[in-house]
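Encoded as structure tokens, the structure appears first; notes follow it.
Numbering of ligands and ligand atoms starts at 1, following listing order. Index from 1, following the sequence.
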Amino acid sequence: MPDARPDATGYETVIGLEIHVQLRTRGKVFAPAPYLYGGALPDDAAPQDIAPNTLIDPVVLALPGALPVLNTAALEQAIRFGLLVNATIPGHSNWDRKNYYYPDSPKNYQLTQKDHPVTQGGEVEIELPGPARNIMGEHKTIRLNHAHLEEDVGKLTHTGATSQVDYNRAGAPLLEIVTEPDLRTPDEAVALLHSLRHLLNTAGISDCDMEKGQMRCDANVSVRPTGQRHLNTRTEMKNLNSISGVKNAIEYEARRQIREIQAGRPIPQETRGWNAETARTYSLRGKEDAHDYRYFPDPDLMPVKIDNATTARLRATLPERPYDRQRRYMSAPQDGGYALPYTLTSVLVANLPLCAYLETAIATHPRNPQGVANLIANDFLGALAAANATFDPARIPPAHLGTLVRHADAGTLSKQQAREVFQEMFTTGKSPDTIIEEKGLSQSNDTGEIEKIILEILAQPTSAKPITEYKAGNEKALNSLKGPIMKASRGKANPRIVDEIIRRLLA
Ligand code: ADP
Ligand code: MG
């Protein structure tokens with residue numbers, strides 16, 4: 001069990017999340033109609049960009065005689081998720097009807113999984129906010145209860161006296177991920193959502209864009225006096241559709257429950273809504289029980305058997321988990337790592353194509369992984385943001401980055417020159433060597449030549465004052481000498497060598 005964290009009120013908050021994510025598949029979960037991902041529709045299409053009731057078919061509309069057929073791609077994505085979080089994948093799985101009437105679902109029942117979900121157990125690693133941005137926060141493991149595959153419902157829009165329904169989303173594949181009540185603070189709940197999003201993103205299971213409704217969250221919250229073992233009655237907040245909504249709703253609800261308990265009022269088990277405008281939760285309905293829904297196994301859908309060959313094949317398609325990758329990047333070179341600082345890795349690890357690019361670039365100049373990583377995380381990402389462009393590995397071949405860092409390391413380019421060459425690489429795609437040659441760049445390491453220039457500058461009357469000041473102990477006076485020296489060398493003198501020689505001559 002996770003540790004108890006006392007707070008100022010003497011109560012601790014207990015949170016369990018139920019997270020719905022839309023799976024990245026071309027089609028719906030039990031119907032041939034296309035869905036938003038891939039296929040004929042652009043990947044970045046948002047539901048509101050698509051004309052209502054165009055992504056439909058007889059199964060989605062529940063026309064007489066239409067029968068569901070399981071989309072194996074959706075099942076495979078669910079299994080891949082299970083494998084990613086070390087869940088058990090039972091050999092047998094089937095679907096149940098959850099019976100209720102609502103106009104967003106033409107069948108009057110939802111196809112879901114009650115007793116035999118695709119994945120059971122499992123755990124997700126989370127990172128809490130660190131004491132500062134550049135310091136890694138505490139890591140914890142949150143247990144999952146299970147994850148099950150089900151279908152999404154349509155969307156209702158109410159305007160004045162009329163209501164409209166759009167079935168485009170109906171039948172979209174949803175994975176419902178249910179955690180154990182292991183979370184203790186709103187920050188932990190937020191960290192879990194971030195961690196899940198990174199996992200699902202990197203594995204191509206879901207984009208988890210909350211704004212597009214691809215990730216939605218119900219939060220179950222109870223409070224108990226610190227140290228109490230058993231759990232108190234919880235309330236469930238439905239359909240939180242932003243990270244800040246999750247955080248604020250949990251914070252508010254925990255405070256409300258503590259107030260109620262302190263006033264001697266019981267907490268009824270109920271379903272509540274969150275009003276972001278008033279920043280309050282409000283009662284929706286008393287808690288419904290499983291038997292209210294008259295669940296029964298769907299007679300139209302065959303149960304599925306999942307064998308070891310299938311799980312082995314799917315396991316081979318999984319990427320390294322983001323936190324594992326981050327630890328690898330931070331670990332020492334003798335352990336196969338790059339010894340990168342924490343802050344740098346946190347920018348990179350959530351983005352798999354960027355990581356692949358980084359690893360290729362480092363392989364072309366393995367002596368300075370941090371130099372290469374800095375160039376990517378600061379210069380490349382910075383230039384992309386300034387140009388309002390998205391990352392495209394073809395824009396700068398990774399070997400060009402390795403070459404540029406090698407020049408900077410060898411001192412053949414100054415920092416300023418390296419920056420200039422990078423800008424040119426970014427806009428033209430040319431190689432660093434071509435750019436250096438074309439622009440007549442490259443730093444001079446010719447000590448004899450540099451010493452000659454320095455002697456000339458030191459001999460000038462304007463240098464007398466800074467020389468006296470430096471000799472009197474004013475370090476900064478050196479800069480007034482270095483400026484004219486760099487200028488006389490037309491920016492080419494290696495500043496490190498200038499510094500060495502000037503100190504020797506004035507010693
Ligand atoms: P149901 O099937 O009725 O929706 P479950 O008991 O399976 O409910 O739990 C649903 C979610 O509520 C899970 O995420 C679980 O961790 C969480 N949960 C259960 N009991 C509590 C509690 N007392 N306090 C906070 N969260 C809880
Ligand atoms: Mg529930």
Distance, nearest 0.5 Å, that separates OH of Tyr167 from CG of Asp104
7.5 Å
Under 4.0 Å from any heavy atom of Glu180, which atoms of ligand 1 are there?
16 (O)
Are any of the N/O atoms in Arg234 less than 3.5 Å from those in ligand 1?
yes
Can you see whether Tyr109 has Lys98 sitting over its ring - NZ or CZ less than 6.0 Å from the centre and within 45° of the normal?
no
I need the Glu127 CD to Glu138 CD distance, nearest 0.5 Å.
10.0 Å
Check each atom of ligand 1 against the heavy atoms of Glu18 and keep those under 4.0 Å away; list them by number with element.
4 (O), 10 (C), 11 (C)
Do the ring planes of Tyr357 and Phe380 sit parallel (below 30°), tilted (30 to 60°) or perpendicular (above 60°)?
tilted
May I ask you to list the atoms of ligand 1 that are less than 4.0 angstrom from any heavy atom of Leu17?
14 (O)
Which of the atoms in ligand 1, numbered in the order shown and given with their element, are less than 4.0 Å from a heavy-atom of Gly16?
14 (O), 16 (O), 17 (C), 26 (N)
Below 3.5 Å, N or O to N or O, backbone or side chain included: is there any such pair between Asn220 and ligand 1?
yes
Between Asn232 and ligand 1, which residue portion shows a heavy-atom distance shorter than 4.0 Å: side chain, backbone, both, or neither?
backbone
Counting each atom of ligand 1 from 1 as listed, which ones have a heavy atom of Pro181 under 4.0 Å away?
16 (O), 26 (N), 27 (C)
Proximity of Asn145 to ligand 1 by residue part, where a heavy atom lies under 4.0 Å
neither
More than 12 heavy atoms of other groups within 6.0 Å of Arg313 CZ
yes
Among Val221, Thr179, Asp182, Thr13, which one puts a heavy atom closest to atom 13 (C) of ligand 1?
Thr179
Numbered atoms and elements of ligand 1 in range of Val178, under 4.0 angstrom, heavy atoms
13 (C), 14 (O)
Electrostatic pair Glu188-Lys140, nearest N-O below 4.0 angstrom
yes
Flag this pair as yes if the NZ/CZ of Arg97 is under 6.0 angstrom from the six-membered ring centre of Tyr295 and inside a 45 degree cone about the axis; otherwise no.
no
Asp292 side chain reached by Tyr100 side chain, heavy atoms, under 4.5 Å
no
